[in-house]
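Order of the sequence lines fixes the chain letters, A, B, ..., with proteins taken first and strands second; residue numbering starts at 1 for each chain. Computed from a predicted model, the values in this text were never measured in an experiment.
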Amino acid sequence: MEQVIFWILAIGTVASSVAVIVPPMGRNPVHGALSLVVAFFFLAGLYVMLVAHLVAVLQVLIYAGAIVVLFLFVIMLLNIQSEDLGHPRPTISKLIGVIAVGFVSIVLIGFILKDKGMAEPPVGLPSDSTFGTVKTVGNLLYTSYIVPFELTSILLLVAVIGAVIMAKRRL
Amino acid sequence: MSGIPLSWWLTLGTVLFGVGTIGVLTRRNALVVFMSIELMLNAVNLILLAFARQRGDEHGHVLAFFIIAVAAAEAAVGLAIILSVFRHKRSVNLDDVRALKH
């Protein structure tokens, strides 16, 4: 049962990610962004399977909610016509890039599947486990990781200021 | 629960990362390249969470949280850069942006 769910989510994730980059769908950036939302929702389902409840919620809220809306907003603001983008030319360097990425991925997957230690399923969690809940991860964030957490808020502040300065016509 | 072996998760993460990398290498539309980068970050998150589940260790979740926060910052700044490049060049094709090339 669980493996069936895994396969459904995995195939959905890969298919919608491929739809983001492959021209029939990816030619129009709006279609690409919508495929990206679908991919993020499938990924959130996979995170729930990994008992990462907080990260799954953040995935839907921040990625599917905020980031993709930002993408769509910019795409529609720019109002790019498909003629503006020019015709994609398959060049030799692109072909070499695809072959190299494919080769490295296949070698990596080969090593992953050969390793005996990775072939066993993880130990089951006790039924009263608090693994991955908001409470436990929040506790970690506000105790061991308090300095990085506060630095993240500074990073976001800097990013907001930088984005405004970049995008504004005249300061 | 979770009878899925670690190797399956890692394989899925590798495939997703590969798809994202191919998108970055082959597409010339800056917006699509950006979306591919988001895909790559998500693949890394998936692998982190798979290891966190395998080891029963929540520190991986904290790292995934930070990755999501940094991705949000990166998306805001990157899209602002794309916007201002578009104002100058009237194009989002990355091959047109070559002021530093010569």
Side-chain angles (χ1 to χ4, degrees), chain A residues 2-3 6 10 13-14 17-18 20-21 26 29 32-33 36 43 46-47 49-52 54-55 58 62 66-67 70 74-75 78 80 84-86 88 94 97-98 101 105 108-109 112-113 118-122 124-125 131-132 136-137 140-141 145 148 152 155-156 159-160 162-163 166-167, chain B residues 1-12 14-23 25-29 31-32 34-36 38-39 42 45-46 49-50 52-54 56 58-59 61-62 64-66 68-73 75-77 79-84 86-87 91-93:
Chain A
E2 200 164 33
Q3 301 199 341
F6 174 83
T13 312
V14 173
S17 333
V18 169
V20 174
I21 64 162
L36 199 64
L43 272 166
L46 287 167
Y47 294 171
M49 285 191 77
L50 282 167
V51 209
L54 175 63
V55 182
L58 287 175
I62 298 179
I67 294 183
L70 197 64
V74 170
I75 291 167
L78 297 183
I80 308 155
D84 296 346
L85 290 170
K94 284 181 187 173
V98 172
V101 171
S105 304
L108 261 176
I109 290 170
I112 289 166
L113 293 179
M118 293 182 185
E120 294 157 17
L125 294 167
F131 184 81
T136 35
V137 180
L140 267 181
L141 266 178
Y145 290 93
T152 307
L155 172 77
L156 287 172
V160 167
M166 280 285 179
Chain B
M1 273 300 274
S2 200
I4 314 290
L6 178 63
S7 53
W8 291 20
W9 295 107
L10 297 187
T11 306
L12 178 61
T14 313
V15 170
L16 275 181
F17 194 87
V19 169
T21 318
I22 289 174
L25 290 177
T26 57
R27 299 302 306 275
R28 290 297 94 195
N29 183 340
L31 290 159
V32 178
F34 240 76
M35 292 182 208
S36 308
E38 302 294 336
L39 275 180
N42 264 285
N45 260 349
L46 183 71
L49 293 174
R53 173 71 188 84
Q54 183 82 5
E58 279 120 346
H59 292 252
H61 294 193
V62 178
F65 168 83
F66 286 131
I68 290 178
V70 171
V77 175
L79 287 171
I81 292 174
I82 291 176
L83 213 59
S84 61
F86 185 77
R87 287 221 187 90
S91 164
V92 291
N93 191 327

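- If you tally non-hydrogen atom pairs under 4.5 Å between each of B/Val62, B/Ile81, B/Val77, B/Val70 and chain A, the highest count goes to B/Val62.
- For A/Leu70 against B/Ala76, the heavy-atom pair with the smallest separation is CD2-CA, 3.9 Å.
- Taking the six-membered ring where tryptophan is involved, the planes of B/Trp9 and A/Phe6 are perpendicular, since the angle between them exceeds 60° and thus also 30°.
- For chain B, the nearby part of A/Val101 is the side chain; its heavy atoms alone come within less than 4.5 Å.
- When side chains are defined from C-beta on, A/Leu113 counts as touching B/Thr11, because their heavy atoms get closer than 4.5 Å.
- Not counting sequence neighbours, the partners of A/Thr136 by the side chain to side chain donor-acceptor pair (under 3.5 Å) test are A/Thr133.
- Of all heavy-atom pairs between B/Ser36 and A/Ile21, the closest is OG-CG2, 3.4 Å.
- A donor-acceptor pair under 3.5 Å is absent between the side-chain atoms of B/Arg53 and the main chain of A/Tyr47, judged by distance alone.
- Heavy-atom distances place both the backbone and the side chain of A/Ala10 under 4.5 Å from chain B.
- Side-chain contact between B/Leu25 and A/Val98 is absent, with no heavy atoms from C-beta onward closer than 4.5 Å.
- In terms of heavy atoms, A/Val20 sits closest to B/Val32 at O-CG1, 3.9 Å.
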Would B/Asn45 and A/Leu43 count as a side-chain contact (heavy atoms from CB on, under 4.5 Å) here? Give the steps.
CA-CA 10 Å; B/Asn45 260 349; A/Leu43 272 166; over 6 Å; no
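- The two residues B/Phe66 and A/Pro148 have their closest heavy-atom pair at CZ-CB, 3.6 Å.
- Counting heavy atoms from C-beta on, the side chains of A/Tyr145 and B/Phe65 never come closer than 4.5 Å.
- The most heavy-atom pairs under 4.5 Å with chain A, out of B/Leu16, B/Leu49, B/Val15, B/Leu83, come from B/Leu49.
- With a 4.5 Å cut-off on side-chain heavy atoms, A/Leu54 and B/His61 do not count as touching.
- Both the backbone and the side chain of A/Ile112 come within contact range of chain B, each with at least one heavy atom under 4.5 Å from a heavy atom of that chain.
- Side-chain contact between B/Arg28 and A/Lys94 is present, with heavy atoms from C-beta onward closer than 4.5 Å.
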